[in-house]
Protein chains: 2
Amino acid sequence: MPPKENKSEITINDIAKELKISPSTVSRALNDNAKISDVTKRKVKAVAQDLGYELNLVASSLSKNKTNIIGVIIPNIGSQFFAKALSGIQEVARSHGYNVIICQTNESVQQEIEMTRVMNSARVDGLVCCLTMETKDFSHFDVFVKKGIPVSMFDRVSYSVPGPKIVVDNYEAAYVATEHLINLGCKRIAHLAGVSTSKVFEDRAEGFKDALTKYELPLLSQYLLSSDLTEQDARDAIRIWMNLPEKPDGIVAASATTGLVIASAAKSLGVQLPEELSIISLGNERCNEFVTPSLSAIDMPGYEMGKSAVKQLIKSIADGELDNSITLKPIQLLIRNSSFKH
Amino acid sequence: MPPKENKSEITINDIAKELKISPSTVSRALNDNAKISDVTKRKVKAVAQDLGYELNLVASSLSKNKTNIIGVIIPNIGSQFFAKALSGIQEVARSHGYNVIICQTNESVQQEIEMTRVMNSARVDGLVCCLTMETKDFSHFDVFVKKGIPVSMFDRVSYSVPGPKIVVDNYEAAYVATEHLINLGCKRIAHLAGVSTSKVFEDRAEGFKDALTKYELPLLSQYLLSSDLTEQDARDAIRIWMNLPEKPDGIVAASATTGLVIASAAKSLGVQLPEELSIISLGNERCNEFVTPSLSAIDMPGYEMGKSAVKQLIKSIADGELDNSITLKPIQLLIRNSSFKH
DNA sequence: TTAAAAAATGCAACCGCTTGCATTAATTAA
DNA sequence: TTAATTAATGCAAGCGGTTGCATTTTTTAA
C-alpha cells in the first residue's frame, strides 16, 4: 500500500505560471485561437509538451457545455450485425473527435430506459440507438428531443422519435429471399418469423407473404411460424415442419442465427440440403460461409449502417438542425450452396 | 431550422430556489448525506422528480475528481472472444455504477497509443486493456501508472505494466489440445502459430512443442508454420502441408478463425475430416458447432475474463492500492467431431 | 430555564477550462 | 510625433456540482 501518489495533474495554470502569462492565454493558445501570437502559441505548446499536459475533457466539457461524447445503445454486442455496426460507429465517431459510450440493453426495454437515463446524465451530445425488439413506448427519448439532443436510430427504429433513421428495406429483403427460392423451383416455402411487435420482423413476414402471392403460391398457415427466434424456437420449427405430411421445400429464416440452427437441425434430421430443402436467412454471419452447405443469405450492411447513423448524428449536432431523413441502405442477396437449382 | 431550443437544463440551483434552501443542501439531500433531515431529503427529491432533474455527471466528475468512467481498449470488437469480454466488462461496470468508454485498436500499436491519450484526457478512473499483438513498448501506460490510475489487462498482457492481470494458460491450452490429438493416435501434428512477438502465441507454440516432446513425437520444422493468422495465412498453410509427401494427420490452429479456415480449406482440397486429418483450434467460436465436422477447440472464457478484469479494476480503484495479482482463468477442452478416434 | 451538545443548513471556495469584455502593446496612418 | 487602429493579452465570471467549516436551529442535559 503505497502512500498517496503524487497527484500532480498538470493544468493550464501550471503552464501559465511557468510562462508568467494568464491561463486564458494558455487556453487560447492551445486551442489555436487567432488572437494569440504565433510566438506565444509555440511557447505554450512547448511547455505543455514538457510538462506532459493533457487537456482535461471533463472541465472542458463543463465549460463548453459539450462533451464530445456520443452515446450508443444497442441490443447486444454479441451479434455480428451489431458488432459491425459498432465498428462503423466507432470509426466515424473517432475520426470526428467524438468518444463513444456504449450500453447493451440485452433486448430488455427496462434496461433501455435505464440506459437513456445514464446517457442523459452523462450529457452526451447525441445518441445512436437500435431499439430492443419489444420497445413499444418511446417516451424515454423525450428528454433528448426536448433538449434538442439528436437521436439517430438504425435498424430497429421508431418514426415517432424525431431524428435521422438508417434502415434497410426488410420487406424487400424477405421478398427477394423468397423470390430467390421460388425461382429455384421451391413450391412449399416456410417462414420462421420473429415477434410481430417488431416492425422489422413484421416487414419481413409481409415481404415473404407478398412474394408468395405475387408468384401465386399458396400461403399455408402451417408454413408460417412466429417466435422469439431463440435457437430452441428454430429447432422446434424445423421439427414441426419436417413432421408435416407435406414438408416444405424451402425456408426463409427471419434471422441469421435461426437460419444456421435450422440448417444444422435439418441436417441432423437427415434432410438433404439443398436437394430436399433450400434455406436462406435474412441476415448474414461469417459462419454462413463455413457451414456445409454454405448458407445463402440476405446481407444487412451493419458496418455501413453504423457509419451512416453517426455521420447523420454528427451532422445534426453540428448544424443544430433537426434531421428526419431516412436513409435506406442496400441489401445484398448472397447465393450460396443452401439454395441451389433443384 | 428551429430557433434555439429551450435550453432549460435543470440544476440543483433550480431545486434550491424552488424550496428556498441552499444548493449545498440540495446536493447533500440528493446524495443521501447523513446530515440532512429526512423531511428535507424527501422534499428535495420530490421537487427534483417534478422538475425532471438529472445529475450532471460532467460537473459532478469535475468537482469530485472522479468520472466513474472505465476506459476499455481492445483489438477488435468483431472477434467473438472480445465481444464476450466486452459484455462481461459492461455488465460488471454498470452494476457498480461505472460507465464504459470503448476503443478499438484494430491491432495497431499506433492506435493503441492514441487511445491511451484519449482515455487520459477523458480522465477515466481506470483502464481495462487487451494489447495488440505487436505491442512491445509499454511506455504509453506510464501516465496512468504515474497518476495511480489502475490498468487492468486481460488476455494479451504485459507484466511490466503494474496492475491486475487476467489470463489463460496458453501453454496449457496448446499442450492439452496437442495431447488430445496425440491420444487420438495422431503421429504427425502440425501447428499454425501466430507471430512470436506475442507472448500468447509464443506460449501456445511452446505448449505444442512440449506436448510432442513429452510423447516422444518428432517436431518437424515443416509442420510448424508461423504467421499473422490471417485467413489467407491459414489457406496457405493447409495447402503447403497437404502438398508435403508426409502430410500431417493432425493440426493445432493457434486461433479460432484459422481453425475454421483450415478446416474449410482442407475440405475443399478433398481431405476427409476427421478420418485423414484431425483439427483442433485454440479458441472457440459459436460457428465451431455449426460447421461439418463440428470443430473441436479449447474454449477461452472471454466473458469471465472481462468480468474479472473489471472486478479487479474496480477493487483497485476503491482501495487505492495497487494490485498486481494474476488471475488464471480455466480453459476447457471441447471435443467435437473434427478430432475423433482414428 | 439555560447551557451544552447534536442536528441541519448555509457560505464560499474549488474542480480546470472557456469566453465576453476590458486593457495594454504594437502598428499604421495622419 | 501623435492619434487611431489593430493585435495580444488579461480579468473575472461562469459551467454545475461538492465539501470543509461556520452558523443556525433543535434537542438533550443539567
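In what follows, every chain begins at residue 1, and chains take the letters A, B, ... in the order their sequences are listed. Side-chain atoms are counted along with the backbone in the values below, which use heavy atoms only and exclude waters and symmetry mates.
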**Prompt:** Are Lys41(A) and Asn33(A) linked by a side-chain donor-acceptor pair shorter than 3.5 Å?
**Reply:** no
**Request:** Would you indicate which nucleotide in dT18(D), dC17(C), dG17(D) comes nearest to any side-chain atom of Lys64(B)?
**Result:** dT18(D)
**Asked** How close or far is atom C1' of dG17(D) from atom CG of Asp14(B), stated in whole angstroms?
**Response** 13 Å
**Item:** Closest contact, heavy atoms only, Gln90(A) versus Cys103(B)
**Value:** OE1-CA, 4.0 Å
**Request:** Using a heavy-atom cut-off of under 4.0 Å over every strand shown, decide if Asn13(B) touches base, sugar-phosphate, or nothing.
**Result:** nothing
**Asked** dT9(C) C1' sits how many Å from Lys43(B) NZ, rounded?
**Response** 12 Å
**Request:** Using only side-chain N and O atoms of Ser60(B), determine if any of them is under 4.0 Å from OP1 or OP2 of dT18(D).
**Result:** yes
**Proximity to the side chain of Leu55(B) - top-ranked nucleotide from dG17(D), dC17(C), dT9(D)** = dG17(D)
**Request:** Provide the closest heavy-atom pair for Gln312(A) versus Asp323(A) in the form atom of the first, atom of the second, distance.
**Result:** OE1-OD2, 3.3 Å
**Fill in**
Taking dT18(C), dG10(C), dC11(D) as options, the one with an atom nearest any side-chain atom of Ser27(A) is dT18(C)
**Asked** Can you check the Lys20(A) NZ to dG10(D) P distance for me, whole Å?
**Response** 12 Å
**Request:** Rounded off to whole Å, could you give me the CZ-to-C1' distance for the Arg28(B) and dT19(D) pair?
**Result:** 6 Å
**Item:** Length of the CG-C1' vector between Leu57(A) and dC17(C), whole Å
**Value:** 11 Å
**Request:** Could you state the atom-to-atom distance from CG of Asn33(B) to P of dA8(C) in whole Å?
**Result:** 10 Å
**Prompt:** Between Glu107(A) and Pro75(A), is there a donor-acceptor pair closer than 3.5 Å when you use the side chain of the first and the backbone of the second?
**Reply:** no
**Complete:** Checking dG16(C), dG10(C), dT9(D) against the side chain of Ser22(B) (C-beta onward), the nearest is dG10(C)
**Complete:** 5'-most contact on DNA chain C (nearest-nucleotide basis), Asn56(A) vs Ser37(B), goes to Ser37(B)
**Prompt:** When all nucleic acid strands are considered with a 4.0 Å heavy-atom cut-off, which category describes Ser61(A): base, sugar-phosphate, or nothing?
**Reply:** nothing
**Asked** Using 4.0 Å as the upper bound for N to carboxylate O, is an ion pair formed by Glu114(B) and Arg94(A)?
**Response** yes
**Message:** Base, sugar-phosphate or nothing for Ser24(A)? Non-hydrogen atoms, less than 4.0 Å.
**Reply:** base
**Prompt:** Separation of Ile12(A) atom CD1 from dC11(D) atom P, in whole Å?
**Reply:** 13 Å
**Request:** Side chain of Ser63(A) only, please: which of dT9(D), dG17(D), dT18(C) is the nearest?
**Result:** dT18(C)
**Fill in**
In whole angstroms, the gap separating P of dG16(C) from CG of Leu62(B) amounts to 7 Å
**Given DNA chain C, 5'-ward residue of the pair Lys35(A) and Lys35(B), judged by closest heavy atom** = Lys35(B)
